[in-house]
Amino acid sequence: MSEKFWLAVQYPLNSAKGSQRDNWLRDKVMEYLDLALSDADLGSVDGFDMGKCISDPKKFALNIFCVVTDEERSIALVKRVLRESRLDYTRIKIATMPYGKEEETYTLKYASKKGVTDFSL
């Protein structure tokens, strides 16, 4: 069996619960990514969390989690889908972590803002 990875797409939020638009965005991103990943036979969306960041309780984020089989191709696909679907592509961070190794941490693979080097849930 090929190696799997967790892939997290993170959007910043202004509050723990998010706005009505944040909830709409969560649903659309999950729908579009699940369809695109399964069509490409790369994986699926596994769920989300929304609320305070663990690393900084004053910041809030929406995290959408996917389980993927090809890290690089999946990142490229996620970026393309979010950009083409106009789903706030300019606000995202994408990070990955080996699947089944929860003692490890996520590694930032893409940030829409220049100079961003950190990622945490």
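Just so it is clear, the model here is predicted, and its values are computed rather than measured.
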Could you tell me the separation between the [atom1] atom of [X] and the [atom2] atom of [Y], rounded to the nearest 0.5 Å?
{"X": "E71", "Y": "I94", "atom1": "CD", "atom2": "CD1", "value": "11.0 Å"}
{"X": "L33", "Y": "L42", "atom1": "CG", "atom2": "CG", "value": "11.5 Å"}
{"X": "L121", "Y": "Y106", "atom1": "CG", "atom2": "OH", "value": "6.0 Å"}
{"X": "L87", "Y": "R83", "atom1": "CG", "atom2": "CZ", "value": "12.0 Å"}
{"X": "N63", "Y": "C53", "atom1": "CG", "atom2": "SG", "value": "7.0 Å"}

Please check if the side chain of [X] supplies one atom and the backbone of [Y] the other of a donor-acceptor pair under 3.5 Å.
{"X": "S38", "Y": "L35", "answer": "yes"}
{"X": "D39", "Y": "A36", "answer": "no"}
{"X": "D34", "Y": "V45", "answer": "yes"}
{"X": "S112", "Y": "I92", "answer": "yes"}
{"X": "K4", "Y": "G100", "answer": "no"}

In terms of hydrophobic clusters joined by side-chain contacts under 4.5 Å, are [X] and [Y] together?
{"X": "L62", "Y": "L108", "answer": "no"}
{"X": "F119", "Y": "L13", "answer": "no"}
{"X": "V116", "Y": "Y110", "answer": "no"}

Run the side chain to side chain contact (heavy atoms under 4.5 Å, CB included) check on F65 and D49 step by step: do they pass? CA-CA 8 Å; F65 301 101; D49 72 16; 3.9 Å; yes
Where is the tightest heavy-atom contact between [X] and [Y], given as atom of each residue plus distance?
{"X": "T96", "Y": "K109", "answer": "OG1-CE, 3.1 Å"}
{"X": "E3", "Y": "P98", "answer": "OE2-CB, 4.5 Å"}
{"X": "G18", "Y": "S15", "answer": "N-OG, 3.1 Å"}

Could you tell me if the side chain of [Y] sits less than 4.5 Å from the side chain of [X], heavy atoms only?
{"X": "R26", "Y": "M50", "value": "yes"}
{"X": "L7", "Y": "I75", "value": "yes"}
{"X": "D70", "Y": "E72", "value": "yes"}

Assess whether salt bridge (charged side-chain N to carboxylate O under 4.0 Å, His left out) is satisfied between K28 and D88, documenting all intermediate values. CA-CA 11 Å; K28 286 295 170 199; D88 286 4; over 6 Å; no
Report the C-alpha separation of S44 and L37 in whole Å, then their side-chain angles, then the decisive distance to 0.1 Å, and conclude whether the side chain to side chain contact (heavy atoms under 4.5 Å, CB included) test is met. CA-CA 6 Å; S44 63; L37 288 167; 5.7 Å; no
Given side chain to side chain contact (heavy atoms under 4.5 Å, CB included), test T105 with M97 step by step and report yes or no. CA-CA 6 Å; T105 58; M97 173 176 76; 5.5 Å; no
Give the intermediate values and the outcome of side chain to side chain contact (heavy atoms under 4.5 Å, CB included) for residues W6 and V67. CA-CA 5 Å; W6 283 108; V67 177; 3.6 Å; yes
Is it the case that over 12 heavy atoms from other parts of the model lie below 6.0 angstrom from the CG atom of N14? no
Is the gap between the ring centers of F5 and Y99 under 6.0 Å? no
Check for me whether R91 meets the cation-pi criterion with Y11, that is, NZ or CZ under 6.0 Å from the six-membered ring centre and within 45 degrees of the ring axis. no
